[in-house]
Enquirer: 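Sharing a structure, written as structure tokens. Questions coming.
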Number of protein chains: 2
Amino acid sequence: MAKKPELDDFRVPYFDDGKKIAKFALADFDPAAKPFSTGTKDGDRDRLAAIGAELDALQERLHAQRLQRVLLVLQGMDTSGKDGTVRAVFHDVDPLGLRIVPFKAPTPVEQAHDFLWRVHSQVPAAGELTVFNRSQYEDVLVPVVLGQLDKATCEQRYRQIRDFEAMLAENGTTIIKCMLHISKDAQRARLQARIDDPTKHWKFDVSDLEARKQWDQYQTAYHDALAATSTPYAPWYIIPADSKTHRNVMVAELLLRSFEGLKLEYPPAKESLKGVKVE
Amino acid sequence: MAKKPELDDFRVPYFDDGKKIAKFALADFDPAAKPFSTGTKDGDRDRLAAIGAELDALQERLHAQRLQRVLLVLQGMDTSGKDGTVRAVFHDVDPLGLRIVPFKAPTPVEQAHDFLWRVHSQVPAAGELTVFNRSQYEDVLVPVVLGQLDKATCEQRYRQIRDFEAMLAENGTTIIKCMLHISKDAQRARLQARIDDPTKHWKFDVSDLEARKQWDQYQTAYHDALAATSTPYAPWYIIPADSKTHRNVMVAELLLRSFEGLKLEYPPAKESLKGVKVE
């Protein structure tokens, strides 16, 4: 009987484990796989709703405790479903407890600083759950593919990212990084759907088609970045994402496991409030 | 037959309309009224869900168009339901399109600036829907009640707020301000419920009871601030809020009307994408 899949089967080996990381290949992961699906779309939606309710309750404790921080990083090719994941996974989480940070092409002021500057200013505060929709990883993907970053500088950035994430983790931030992994065919269908629906054109730029032409180079850049920055304190997970409901369930399961690991409790009752009657 | 209530019956008269504003009294509004309720809690929840779906669709257009900005300001006494309103009204709005800004007691850096400084940095950008959970109005409420702000300085702040909001409106921001209006009795019950549930103690500070002792002074400070800052470009609405479902429906109705007034459309289709086939 086949082994039941575990979330950790989809974790990128830690970069300093030379033997395992040498065997890691992004291409070995099937984007169409649905290892965490319940088997039906309806079942997946039910499971997602159940996790959503749990996440909502746990997030309230995170907020009440105001000690720990949680950061979810979402990366993936165009149309891999970063926006859709946010919408689905956090539908039942209190918007007061959630902060979504989209990183776009850097502004001139952002470009005038080191690449981690704009990122650092957005990391979660104590009690916060923050989602990065794209992230510091854009700076080791796009310029690599465009040939604007030499290998030594790129390796330096990988190390800077590891050091930065280690610092965040040491100061109380739980970091979960998800690579939404889609196939080239799935992207074709999704891009075509956007083109065919004029109300979706605002999501689309002709340059998106240029990036698609460099699909293989992007896959290589992703592989290299994931391999160099998956660490015990900020692991990367590959999320098979051709199925949207599977993608949502798997990201939610990962997040739920991380939250459960935090042992979140409400702060102790205040003695000063014991027996107080409001007048 | 009684006149059907209109949202504008709950609008604070504009401050420069001397005759009407002279007749305005916060105390004339019944916090227990439910003018926009469907009559049952279930009916209210259904109506709220229907508005939520409409708001979600309109917000996507706001975001797609990236021209206009929407700012919802929520104010009210402790336990008036600012947090609950956010949770309920925006449950079905895409979290990617929504930014909630809670204003707490100012930090030393914030205090070292004018009172509008921290507020200005958080106003919505083009295409954004932003909710202020508390706001610039804290600075014409708390210090007034605590006797830390003389009348002349307070009048000056009212004017500064009007000028600031006029500037935002002139630059494309739709501003809706809601005063969640509860009765002193309703607050007693809600505070007591928090005291009686130890998992709610984190929401509670003994100083909250001090503020309650100054209930009448706060009502006066609210009345004066609302009267001085309700304008055609940033009107105040009184939301009867003893009933939570009524409060949610009324805020949602107001927001829906404001969104509908924006005539939001998707940007025109891109000619360059016509007939493009993705390879």
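All chains are named by letter (A, B, ...) in the order of the sequence lines, taking the proteins before the strands, and each is independently numbered beginning at 1. No hydrogens, no waters, no symmetry mates; every other heavy atom, side chains included, goes into these values.
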Enquirer: Of all heavy-atom pairs between A:Val249 and A:Ile51, which one has the smallest distance, and what is that distance?
Expert: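 It is O-CD1, 4.3 Å.
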
Enquirer: Against chain B, label A:Leu273 side chain, backbone, both or neither, depending on which of its atoms sit under 4.5 Å from a heavy atom there.
Expert: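 Both parts, backbone and side chain.
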
Enquirer: Short of 3.5 Å, which donor-acceptor contacts do chain B and chain A share? List atoms and distances.
Expert:
| residue | atom | partner | partner atom | Å |
| --- | --- | --- | --- | --- |
| B:Asp56 | OD1 | A:Arg87 | NH1 | 3.1 |
| B:Asp56 | OD2 | A:Arg87 | NH1 | 3.4 |
| B:Asp56 | OD2 | A:Arg87 | NH2 | 2.5 |
| B:Arg87 | NH1 | A:Asp56 | OD1 | 3.1 |
| B:Arg87 | NH1 | A:Asp56 | OD2 | 3.4 |
| B:Arg87 | NH1 | A:Asp94 | OD2 | 3.4 |
| B:Arg87 | NH2 | A:Asp56 | OD2 | 2.5 |
| B:His91 | NE2 | A:Asp92 | OD1 | 2.8 |
| B:Asp92 | OD1 | A:His91 | NE2 | 2.8 |
| B:Asp94 | OD2 | A:Arg87 | NH1 | 3.4 |
| B:Gln192 | OE1 | A:Val278 | N | 2.7 |
| B:Gln192 | NE2 | A:Val276 | O | 3.0 |
| B:His201 | O | A:Lys270 | NZ | 3.3 |
| B:His201 | ND1 | A:Lys270 | N | 2.9 |
| B:Phe204 | O | A:Lys270 | NZ | 2.3 |
| B:Arg212 | NE | A:Glu279 | O | 2.5 |
| B:Arg212 | NH2 | A:Glu279 | O | 2.8 |
| B:Lys270 | N | A:His201 | ND1 | 2.8 |
| B:Lys270 | NZ | A:His201 | O | 3.4 |
| B:Lys270 | NZ | A:Phe204 | O | 2.3 |
| B:Val276 | O | A:Gln192 | NE2 | 3.0 |
| B:Val278 | N | A:Gln192 | OE1 | 2.7 |
| B:Glu279 | O | A:Arg212 | NE | 2.6 |
| B:Glu279 | O | A:Arg212 | NH2 | 2.9 |

Enquirer: Look up atom CZ in A:Phe132 and atom CG in A:Leu71, then write down how far apart they are to the nearest 0.5 Å.
Expert: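 Answer rounded to 0.5 Å: 5.0 Å.
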
Enquirer: Which distance, rounded to the nearest 0.5 Å, do you find between the CG of B:Leu255 and the CG of B:Leu129?
Expert: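 B:Leu255 CG to B:Leu129 CG: 6.5 Å, rounded to 0.5 Å.
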
Enquirer: Only pairs at least two apart or in different chains count here, so list each ring pair (Phe, Tyr, Trp, His ring centres under 6.0 Å) that has a residue in residues 70-90 of chain A.
Expert: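 Pairs touching residues 70-90 of chain A that pass the test: none.
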
Enquirer: Taking all atoms of both residues into account, what is the closest heavy-atom pair of B:Ile182 and B:Pro31, and its distance?
Expert: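 Closest heavy-atom pair between B:Ile182 and B:Pro31: C-CB, 3.6 Å.
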
Enquirer: How many angstroms lie between atom CG of A:Leu254 and atom CD1 of A:Ile239, to the nearest 0.5 angstrom?
Expert: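 Output value for this atom pair is 5.0 Å.
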
Enquirer: Measuring heavy-atom distances to chain A, does B:Pro95 have an atom under 4.5 Å in its side chain, in its backbone, in both, or in neither?
Expert: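 Its backbone and side chain both get close to chain A.
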
Enquirer: Identify the two heavy atoms, one from B:Pro267 and one from B:Ala64, that lie closest to each other, and give their separation to 0.1 Å.
Expert: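 Reported closest heavy-atom pair: CG-O, 3.4 Å.
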
Enquirer: What part of B:Leu191 gets within 4.5 angstrom of chain A, counting heavy atoms only: side chain, backbone, both, or neither?
Expert: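 Both parts, heavy atoms under 4.5 Å.
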
